[in-house]
Amino acid sequence: MSGITARGVLYIHSAPSALCPHIEWAIGSVIDQRTDLEWSPQPASPGMFRSELSWVGPQGSGAQLASALRGWAHLRYEVTEEQSAGADGGRWSHTPELGIFHAATDVHGNIMVTEDRIRYAYETGAGDPAAVYHELSLALGESWDEELEPFRHAAEGAPVRWLHQVG
């Protein structure tokens, strides 16, 4: 990781209560700071909890946070890292059913689809508009957005906490 500072947000959309302390430990191991998140019930999934925090750390911290949380059963989350000097931003989305999705983002948080990915969609589609549409849908992470949208709306008005990496 570089010495350039980045910032972003981690959204835990749904987690079982037994997993919450493990999530805090995983976050703390990445940002090198103890985290005591404020957990609240997730209305979109009764019995689950949600939390979010804004973070500041070295470039690449978003990828490290996403990796630290990847693969845990029943966990839905998103990590964003804003664009910073010399690096695109990024968004990582995870659901138990779909696994993890990553996309580069611009300064406004829009997903950037590369020329090669668009060419792949054209080539795979071989003239079939439905196939091209399907490939572009995958490139944009639409399945992850559809699954996470009810959890995002349930979080409106939730408090946000800032954490800064020390050292």
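- We find that Glu147 and Arg76 are joined by a salt bridge, their nearest charged nitrogen and carboxylate oxygen being less than 4.0 Å apart.
- Annotation: side chain of Thr114 is not in contact with side chain of Met112 (no heavy-atom distance under 4.5 Å).
- In this structure, Gln42 and Phe49 have side chains that are not in contact, with every pair of non-hydrogen atoms separated by 4.5 Å or more.
- When every heavy atom of Ala15 is checked against every heavy atom of Leu75, the shortest pair comes out as CB-CD1, 3.8 Å.
- Side-chain contact annotation: Trp144 with Glu149, donor-acceptor N/O pair under 3.5 Å absent.
- Note: the hydrophobic cluster containing Trp92 does not contain Leu140 (ILVMFWY, side chain heavy atoms under 4.5 Å, direct or indirect links).
- A distance of 14.0 Å separates CD1 of Ile27 from CG of Asp32, quoted to the nearest 0.5 Å.
- Looking at Ser137, its side chain never comes within 3.5 Å of a backbone N or O of Glu142 through a donor-acceptor pair.
- Looking only at atom types and distance, the side chain of Thr124 has no donor-acceptor partner in the side chain of Glu135 under 3.5 Å away.
- At least one side-chain heavy atom of Met48 sits under 4.5 Å from a side-chain heavy atom of Pro16.
- Here the closest heavy-atom approach between residue Leu10 and residue Trp55 is recorded as N-CD1, 4.0 Å.
- With a 4.5 Å cut-off on side-chain heavy atoms, Glu115 and Tyr120 do not count as touching.
- Atoms CG and CD1, from Leu65 and Ile31 in turn, are 7.5 Å apart once rounded to the nearest 0.5 Å.
- In this structure, Glu81 and Ser61 approach most closely via the heavy-atom pair OE1-N, 3.4 Å.
- Between Ala131 and Gly125, the shortest heavy-atom contact is CB-CA, 3.6 Å.
- Contact annotation: the side chain of Ile111 never approaches that of His102 to less than 4.5 Å [non-hydrogen atoms, C-beta and beyond].
- Distance check: Leu138 CG to Phe101 CZ gives 8.5 Å after rounding to the nearest 0.5 Å.
- Under 3.5 Å, the side chains of Glu78 and His13 contain a donor-acceptor pair of N or O atoms.
- The two residues Val113 and Ala139 make their nearest non-hydrogen contact at CG1-CB, 4.0 Å.
- Side-chain contact check for Val132 versus Asp128: every heavy-atom pair is 4.5 Å or farther apart.
- Between the OG1 atom in Thr95 and the CG atom in Asp145 there is a gap of 11.0 Å [rounded to 0.5 Å].
- Two different hydrophobic clusters hold Leu19 and Trp25 under the rule that ILVMFWY side chains link at heavy-atom gaps under 4.5 Å.
- If you take OH on Tyr77 and CD1 on Ile12, they are separated by 8.0 Å, rounding to the nearest 0.5 Å.
- We find the CG-CD distance between Asp106 and Glu82 to be 11.5 Å, quoted to the nearest 0.5 Å.
- Side-chain contact check for Thr80 and Arg91: no donor-acceptor pair (N or O, by modelled atom type) lies under 3.5 Å.
- Using a 4.5 Å cut-off on side-chain heavy atoms (C-beta onward), Leu53 and Val9 make no contact.
- Hydrophobic clustering (side-chain heavy atoms under 4.5 Å, transitive across Ile, Leu, Val, Met, Phe, Trp, Tyr) groups Ile23 together with Ile100.
- Across Ala85 and Gln59, no two heavy atoms sit closer than the pair O-NE2, 2.7 Å.
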Legend entry - Steps toward side chain to side chain contact (heavy atoms under 4.5 Å, CB included) verdict (His22, Trp72): CA-CA 10 Å; His22 301 285; Trp72 286 349; 4.1 Å; yes
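- Residues Asp36 and Glu24 meet the side-chain proximity criterion, which asks for heavy atoms closer than 4.5 Å.
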